[in-house]
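Here is the naming used below: chain letters follow the sequence lines, and residue numbers restart at 1 for every chain.
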Amino acid sequence: MKELAKAYEPQSVEDRLYAGWLERGDYTADPASPKPKFSIVIPPPNVTGVLTMGHVLNNTIQDILCRHARLQGKEVLWLPGTDHAGLATQVAVEKALRKPDDLPPTVKARLESFHLPADMPLTRQNIGRERLLELIDAWQQDRGGVIIQQLKKLGASCDWKRERFTMDAEYVREVQERFVDLYNQGYMYRGLRMCNWCPATMTAISDEEVVMTPQKSKLYYMRYEIAEEPGRFLEIATTRPETLMGDSGVAVHPNDKRYADLIGKHAVRPFPKTNIPIVGDSYIDMEFGTGVLKVTPAHDKADFDIGRRHNLQIIDVMTPEGKINCPEVPELHGMERFAARKRAAELLDEAGQLIKEEEYENNVGFSERGKVPIEPRLSEQWFLKYPRIDEALDVVTNEDNKLIRFFPAHWEKTYSHWLENIQDWCVSRQTWYGHRLPVWYQKGHTKAQLESPGEGWFQDEDTMDTWASSWLWAYATMDEETRKAFYPTSVLVTGPDIIFLWVARMIVAGLEILPGVTEEQKDNIPFSDVYFTGLIRDGKGRKMSKSLGNSPDPLDLIAKYGADGLRFGLMRIAPQGADIRYDEKQIEEGRNFCNKLWNAARFRAMQGPIDRQADPSQHEQSIFCCDILFQLGELNADVDRAMANYEFNTAASRLYDYVWKSFCSRFLEAAKVDFLDEFSPTRAGTLATFDYVLSHILRLLHPFAPFITEELWTHLDFAEHEGDSIQFATWPSLKFGESPKATRFLEAESVYRLVDQGRILRGQFNIASNKKVKFLLHATEELTEAELRVSASMLNAEAVELVQEKVKHCPVIFTPLGELYLPLEGLVDPAEEIARLEKELTKTEKDIEVTDKKLANKQVIAKAPPEKVQGWRDHAAVLAAKRERLKEQMDFFREQAA
RNA sequence: GGGCGGUUAGCUUAGUGGUAGAGCGCUCGCUUCACACGCGAGAGGUCACUGGUUCGAACCCAGUACCGCCCACCA
């Protein structure tokens, strides 16, 4: 056994372990192993991103689950990987190209190899598809390893040899094959529809990628003349006057008496000037604005529907970039849409048709990536009609046959609500980076297949929504052999923010399109449990985000507190299902906890070599040993229960309390007496207990703090063979009450409480911690010499001496083992002592009052459980006795004073 | 507009029916031979509010307020 460093230095421990342990990857799963299986796929982070606190939380939890499973003897597959994040990546690269000097060297080199004209703006249109994709590849290679390295720093014990990327050739093939399958079954179809168009990125996006944001805008009131009744006007409110040229109708509610006679007549659209029909449609809200809606079928989803109901013309007046396209109105033609809004209002005003402008706040849909308001736009896109929605609902919400369990369960409602109101999924994207649609066209014919059907066929230019590749992640990352053993996966750990984008879709994908692997897996669910983490918020309750700059860099935290400190600190404050209020202090506490454990282990190492097979039951044991062993059983059971329910904070807190309070503050302090006395009869038992308990603590704690536990396991020689990882040790399975029982009736708890009381007494007389004093004890229980020595040691006292009679002339405190006195040899001021006793008496009487009141209530006696009543009675008796003694003591000191 | 969470000491939070617990921070005392990333003591809470159920409510029920999140085609 080597000597442990004097202080715990996380960095030195971690650095050494990365090389010798994480990189070795000997936790790689063996599909052929007969052990029970446990598998997780990592929610793939974007290649472009850096590790955030969210990733830390997420991956810490997964690592905890994996290490726990390994300790339980399971064959564990934790599959790592990254997501190409098509649109997000393309946007990032396009943005980076605006500052070519700051590009990563490899990307820059690639760009230079194109020999583009120096004065050419580096837009994607100028660069071209093939070249842009080359640049993105270079970019991905530059960034790709970064996040993986960061996960390793955190201690993530993934099967790094199996790292996957959503743009790997096999993965791409899988994605396209599934597309073809869905097409062949009629779920994937092409259609001309209103979709969410992002003018910034120039692509359609799905409903889930639209972020509703409250905007301060204006409600413009305008008036249109009635064509059939010159001089009569309709007042119309709109937020978008710039689309006026696209108006092909005006709608009112059919029951609206104000306008009933107008239905069927026409309104005069001011520019370009023409007559448009007035229709009655029950969609209209009579209360809102003027109760009249201008209908612009080409630029609003609701208007599109109204238009379809009444056969209104679809007039597209905007380019894909979001510029006005209406040569008939040269004042607006070519203008950017928001500038055009103002100008259109001015034009109306000039024509005398603008009545007023009102400040107005409404929700506007923004493109998640493009960061601009989306433009509802009619375009030809590929859509997925979701298959098996009922089954997807059933596997999550059917109480009798819940194939997939959500933790916390309340997310089921969110999940159901989405599925019940689901719209077809727009999966095509007019972007270049991503999985190309496996679709071919020729003269009005369409074929979906991987290879070109032949001469004259051309492939669809579009790519797929990133999520249409991610939704296969659990399946497509595994080869067939691996799937047989590890699919479906055991648990998915992710944030609730992607419950629709990813989780729900993965479930649908699993049910419908993933071929069954084995007979047992015929249900085709991708995972059995889903654990939703909370969001991490800053001290002010704001969501942590890059844009706010309020997210600390996890690598800085690791450098400062160690990966274990970060992991443990975070887990201790991460309640199931609730958001986490982040506080660096918590991480510091995690680090301090590791240091505490380190030093407890170091203390043990100072007593001589450990015995890895220590069996406390083979030795004579002190009550302190019995106590810590008994509590170990409770700890083990509590941690097991917490782990089974994904209550990581409970497990972490229990471990924290046990190690710090029960093990260090109590047992270790009591053990010192044995360790200092070579001839103590309980010395061997205490050593054995120490080793036994420490080895259990290391294993129970290992999932949370892998580095320090691995280090101590190895260095203290708990490992059977040189180089054995604690990951493959055996998970403890002590049951509550199974631990060795005390050989004596007296319990350690009583001694510890005696010590607590003694410390309070010391404190009340302001006796410095380093000053040795002597205590007297009038014991009501039998105490051994050794137990008295432990009491004295923990009180930093010369001795705790037994006295046969109760002592009157000393300050007294009441303990479960009798009255404890602090002889101060005439230093006690009677007046002060009377005041001290008075305070105690007041408190005691207040307690008595509460208890008496309860016991005096007949209904309490009648209705409360008898064992409770008996408990209160016993308590009352103790209090009464204490009161008498306090009074006696006070009388004594009053005489002294007199 | 609908749904889901939350509200306990200055901060972070345990606590599913029996006189409120912890850690940090604060005050005081300690370089006590594992640990100052520590040890000991202390101050600090009408458990958001209002009703109800109960012998008894932080806890169960109803409602209110505030905070947060999600969903929704009122121009």
Side-chain angles (χ1 to χ4, degrees), chain A residues 4 6-8 194 212 219 236-240 251 283-285 287-296 300-306 360 362-363 365 376 408 410-411 413-414 417-418 421 496-497 499-500 534-535 537 539 541-543 561 565 572-573 575 577-583 585-586 588-589 591-607 649-650 653 656-657 660-661 664-665 668-669 672 676 756 759-760 762-764 766-772 793 795-796 846-847 849-851 853-854 857-865 868-869 871-872 875:
Chain A
L4 290 174
K6 202 155 187 186
Y8 172 54
M194 284 305 280
M212 299 304 281
L219 195 54
I236 305 175
T238 181
T239 53
R240 305 201 62 191
Y283 165 81
I284 307 303
D285 180 354
E287 308 294 317
F288 188 89
T290 59
V292 186
L293 173 73
K294 74 184 196 61
V295 186
T296 325
D300 185 282
K301 274 187 184 176
D303 290 13
F304 180 77
D305 293 339
I306 296 172
Y360 181 63
N362 63 342
N363 279 326
H410 69 80
W411 289 109
K413 284 203 173 177
T414 307
H417 184 258
W418 183 72
N421 296 284
D497 48 332
I499 191 167
F500 310 137
L535 289 173
R537 305 180 168 283
R542 297 173 306 180
K543 190 172 160 178
Y561 303 109
R572 212 157 68 93
I573 55 164
D579 288 353
I580 295 149
R581 193 67 70 95
Y582 169 78
D583 183 356
K585 279 279 170 206
Q586 303 294 329
E588 190 180 335
E589 276 183 50
R591 188 269 315 259
N592 295 353
F593 173 72
C594 292
N595 184 60
K596 187 76 180 174
L597 176 69
W598 181 269
N599 279 288
R602 194 164 73 91
F603 174 69
R604 174 60 191 83
M606 288 160 70
Q607 316 302 323
N649 61 330
T650 307
S653 312
Y656 183 95
D657 290 344
W660 205 299
K661 195 181 170 194
C664 290
S665 297
L668 189 148
E669 291 300 328
K672 281 178 179 173
L676 287 171
D756 289 342
R759 284 171 177 165
I760 289 169
R762 272 184 87 122
Q764 286 174 340
N766 290 322
I767 297 166
S769 310
N770 59 344
K771 195 181 172 203
K772 294 251 176 189
S793 168
L795 281 165
N796 194 30
K846 213 181 129 197
D847 290 349
E849 200 183 321
V850 171
T851 316
K853 200 175 155 193
K854 200 181 304 190
N857 187 330
K858 278 178 194 161
Q859 286 189 298
V860 172
I861 306 297
K863 295 191 177 175
K868 293 263 183 204
V869 177
W872 294 326
H875 185 52

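Among the atoms of the strands shown, none is found under 4.0 Å from any heavy atom of A:Gly365. Across all strands shown, A:Lys672 has heavy atoms under 4.0 Å from base atoms, whether or not it also approaches the sugar-phosphate. As judged by a 4.0 angstrom heavy-atom cut-off over every strand, A:Lys585 is placed among residues touching the sugar-phosphate backbone only. Within the 4.0 angstrom heavy-atom criterion, only backbone atoms of the sugar-phosphate kind lie near A:Arg537; the bases stay farther away. Within 4.0 Å of A:Cys594, counting heavy atoms only, lies no atom of the nucleic acid at all. Among the protein residues, A:Trp660 comes within range of the sugar-phosphate backbone only, with heavy atoms under 4.0 Å from sugar or phosphate atoms but none that close to a base. A:Leu293 comes within 4.0 angstrom of a nucleotide base, judged by non-hydrogen atoms across all strands. Among the atoms of the strands shown, base atoms are found under 4.0 Å from some heavy atom of A:Arg591. Residue contacts shown for A:Asn363 include a base, since a base heavy atom lies under 4.0 Å away. In this structure, A:Ile499 reaches neither bases nor backbone, as no heavy-atom distance under 4.0 Å exists between it and the strands shown. If you check every strand for non-hydrogen atoms under 4.0 Å, A:Met212 touches nothing. Residue A:Asp847 is in base contact, counting any heavy-atom pair closer than 4.0 Å across all strands shown.
Mapping A:Ser769 and A:Asn857 onto RNA chain B via the closest heavy atom, the residue that lands nearer the 5' end is A:Ser769. Of the two residues contacting RNA chain B, namely A:Tyr582 and A:Arg240, the nearest-nucleotide position lying further toward the 5' end is that of A:Tyr582.
Checking the phosphate oxygens (OP1, OP2) of B:A14, no side-chain nitrogen or oxygen of A:Tyr656 falls inside 4.0 Å. Residue A:Asn766 places none of its side-chain N or O atoms closer than 4.0 Å to OP1 or OP2 of B:C28. Under 4.0 angstrom from either OP1 or OP2 of B:C71 there lies no side-chain N or O belonging to A:Asn421. Close to B:C4, at under 4.0 Å from its OP1 or OP2, lies no side-chain N or O of A:Trp418.
B:G17 sits 32 Å from B:C69 when the C1' atoms are compared, rounded to a whole Å. Nucleotides B:C28 and B:G6 place their P atoms 40 Å apart, quoted to the nearest Å. Nucleotides B:C73 and B:A62 have their C1' atoms positioned 35 Å apart, rounded to a whole Å. Spacing between B:U8 and B:G40 at atom C1', rounded to whole Å, works out to 27 Å. Using atom C1' as the reference point in both B:C49 and B:A58, the two lie 14 Å apart (nearest Å). Spacing between B:U54 and B:G15 at atom P, rounded to whole Å, works out to 28 Å.
If you measure from atom NZ of A:Lys868 to atom P of B:G56, you get 16 Å, rounded to the nearest angstrom. One interatomic measurement links the two molecules: CG of A:Asp756 to P of B:A22, which rounds to 11 Å at whole-angstrom precision.
Of the possible donor and acceptor atoms, none in the side chain of A:Arg602 sits under 3.5 Å from a partner among the backbone N and O of A:Tyr8.
Side chain A:Lys596 to base B:C35: a donor-acceptor pair is found below 3.5 Å. With hydrogens and angles left out, the side chain of A:Glu669 and the base of B:A34 share a donor-acceptor pair within 3.5 Å. Within 3.5 Å, a donor on the side chain of A:Tyr283 pairs with an acceptor on the base of B:C73, or the reverse.
Of the candidate nucleotides B:A41, B:C30, B:C35, B:C30 has the atom lying nearest to any side-chain atom of A:Ala768.
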